[in-house]
Chemist: 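Structure incoming, see below.
All values derive from a computational prediction rather than experimental measurement. Every heavy atom of this structure was used, including side-chain atoms; hydrogens, water molecules and symmetry mates were not.
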Amino acid sequence: MNAALRILDDARRQGLRLSLNGDKLHVEPVPAAELLESLRAAKPVIMARLKLESAAAEACVSLKGYITPAALLSKLAPEDLADLESMPTDQAVRFLRAFATATVWTDMRRQGIAPPGWDKPATCKLCGPVLLWTSIDVSGCPWCWNRLHGVKIPRLLS
């Protein structure tokens, strides 16, 4: 973690609330002079991280109860975080929403639970009848991982 993000974490541990107001960084309550100077010096990096955290929060709205913004961001590599911080916010939200959905659906599949919308009967040559997002015959499917690892595959009730 770089120095600017350590300053942000330190400020949060001290109970400070940081938020964005346009191009201004707002801090409540007002911190001690030394920390305030550190925050000013790290302002661009902190603002980029706060924008990214806001984008992650927006991306997770439809997945509430499945993944938190902090958990989502923790799954990304530092290089990915840096790339996302430099993206326009709407583009970052779209990326994070897709990544969050893929992450949640993978976790659900690994628990033997069909993700939302995976309710169409399909046939996999390896797994047999399965539930997918579309009715189709396939040579391999997302449930093949479950079959190979002895994890339940949800099936249609007959």
Chemist: With a 6.0 Å cut-off (strictly less than), is the heavy-atom count around CG of Asp90, excluding the residue itself, greater than 12?
Modeler: yes

Chemist: Which heavy atom in Ile46 sits nearest to a heavy atom in Ala4, and how many Å separate them?
Modeler: CG1-O, 3.9 Å

Chemist: Is there a donor-acceptor pair closer than 3.5 Å between any side-chain N or O of Asn2 and the backbone N or O of Leu5?
Modeler: yes

Chemist: Under 4.0 Å between a Lys/Arg side-chain N and an Asp/Glu carboxylate O for Arg12 and Glu53?
Modeler: yes

Chemist: Taking the six-membered ring of Trp145, is NZ or CZ of Arg109 closer than 6.0 Å to its centre and within 45° of its axis?
Modeler: no

Chemist: Find out whether Lys24 and Met47 are in side-chain contact, i.e. whether some heavy atom of one side chain is under 4.5 Å from a heavy atom of the other.
Modeler: no

Chemist: So Phe99 and Leu76, side chain to side chain contact (heavy atoms under 4.5 Å, CB included) or not? Walk me through it.
Modeler: CA-CA 9 Å; Phe99 182 72; Leu76 293 162; 3.7 Å; yes

Chemist: So Arg97 and Glu58, side chain to side chain contact (heavy atoms under 4.5 Å, CB included) or not? Walk me through it.
Modeler: CA-CA 8 Å; Arg97 188 175 292 130; Glu58 187 176 336; 4.1 Å; yes

Chemist: Check Lys51 with Glu85, please: is the shortest side-chain N to carboxylate O separation under 4.0 Å?
Modeler: no

Chemist: Any chance you could measure Leu35, atom CG, to Arg40, atom CZ, to the nearest 0.5 Å?
Modeler: 11.0 Å

Chemist: To the nearest 0.5 Å, tell me how far Arg49 CZ sits from Leu20 CG.
Modeler: 12.5 Å

Chemist: Taking all non-hydrogen atoms of both residues into account, name the closest pair between Ala114 and Pro154 and its distance.
Modeler: N-CG, 3.7 Å

Chemist: Is there a continuous path of hydrophobic side-chain contacts, each under 4.5 Å between heavy atoms, that joins Leu8 to Leu84?
Modeler: no

Chemist: Would you say the side chain of Trp105 lies within less than 4.5 Å of the side chain of Pro142, judging by non-hydrogen atoms?
Modeler: no

Chemist: Output yes when Asp10 and Arg6 qualify as a salt bridge under the 4.0 Å nitrogen-oxygen rule, no when they do not.
Modeler: no

Chemist: Just wondering, more than 12 heavy atoms not from Phe95 lying within 6.0 Å of its CZ?
Modeler: yes

Chemist: Kindly say whether Ala102 contributes a backbone atom to a donor-acceptor pair with the side chain of Thr106 at under 3.5 angstrom?
Modeler: yes

Chemist: Could you measure the distance from the CZ atom of Arg110 to the CG atom of Asn146? Nearest 0.5 Å is fine.
Modeler: 9.0 Å

Chemist: Any chance you could measure Cys60, atom SG, to Ile67, atom CD1, to the nearest 0.5 Å?
Modeler: 5.5 Å

Chemist: Membership question, hydrophobic clusters at under 4.5 Å side-chain separation (ILVMFWY): are Trp118 and Ile113 in the same one?
Modeler: yes

Chemist: Determine, step by step, whether Arg155 and Val130 satisfy the side chain to side chain contact (heavy atoms under 4.5 Å, CB included) criterion, reporting the C-alpha distance in whole Å, the side-chain angles of both residues, the deciding distance to 0.1 Å, and the verdict.
Modeler: CA-CA 5 Å; Arg155 311 279 184 180; Val130 294; 3.8 Å; yes

Chemist: Quick one: does Thr123's side chain have a donor or acceptor within less than 3.5 Å of a partner on Asp137's backbone?
Modeler: no

Chemist: Do the side chain of Trp143 and the main chain of Leu131 share a donor and acceptor less than 3.5 angstrom apart?
Modeler: yes

Chemist: Do Leu73 and Val93 share a hydrophobic cluster (ILVMFWY, side-chain heavy atoms under 4.5 Å, transitive)?
Modeler: no

Chemist: When you compare the side chain of Leu96 with that of Leu52, does any pair of heavy atoms fall below 4.5 Å?
Modeler: yes

Chemist: From Thr103 OG1 over to Met108 CE, what is the distance, rounded to the nearest 0.5 angstrom?
Modeler: 13.0 Å

Chemist: Of the non-hydrogen atoms in Gly140 and Cys124, which two are nearest, and what is the gap between them?
Modeler: CA-SG, 3.8 Å

Chemist: Could you state whether Leu16 and Leu50 fall into the same hydrophobic cluster, counting links through intermediate Ile, Leu, Val, Met, Phe, Trp or Tyr residues with side-chain heavy atoms under 4.5 angstrom apart?
Modeler: yes

Chemist: Enter the distance from Gln14:CD to Asp9:CG here, rounded to the nearest 0.5 Å.
Modeler: 11.5 Å

Chemist: Might you confirm whether atom NZ of Lys125 has over 12 heavy atoms from other residues, nucleotides or ligands at distances under 6.0 Å?
Modeler: no

Chemist: Regarding Gln111 and Asp107, is there a side-chain donor-to-acceptor distance under 3.5 Å anywhere?
Modeler: no

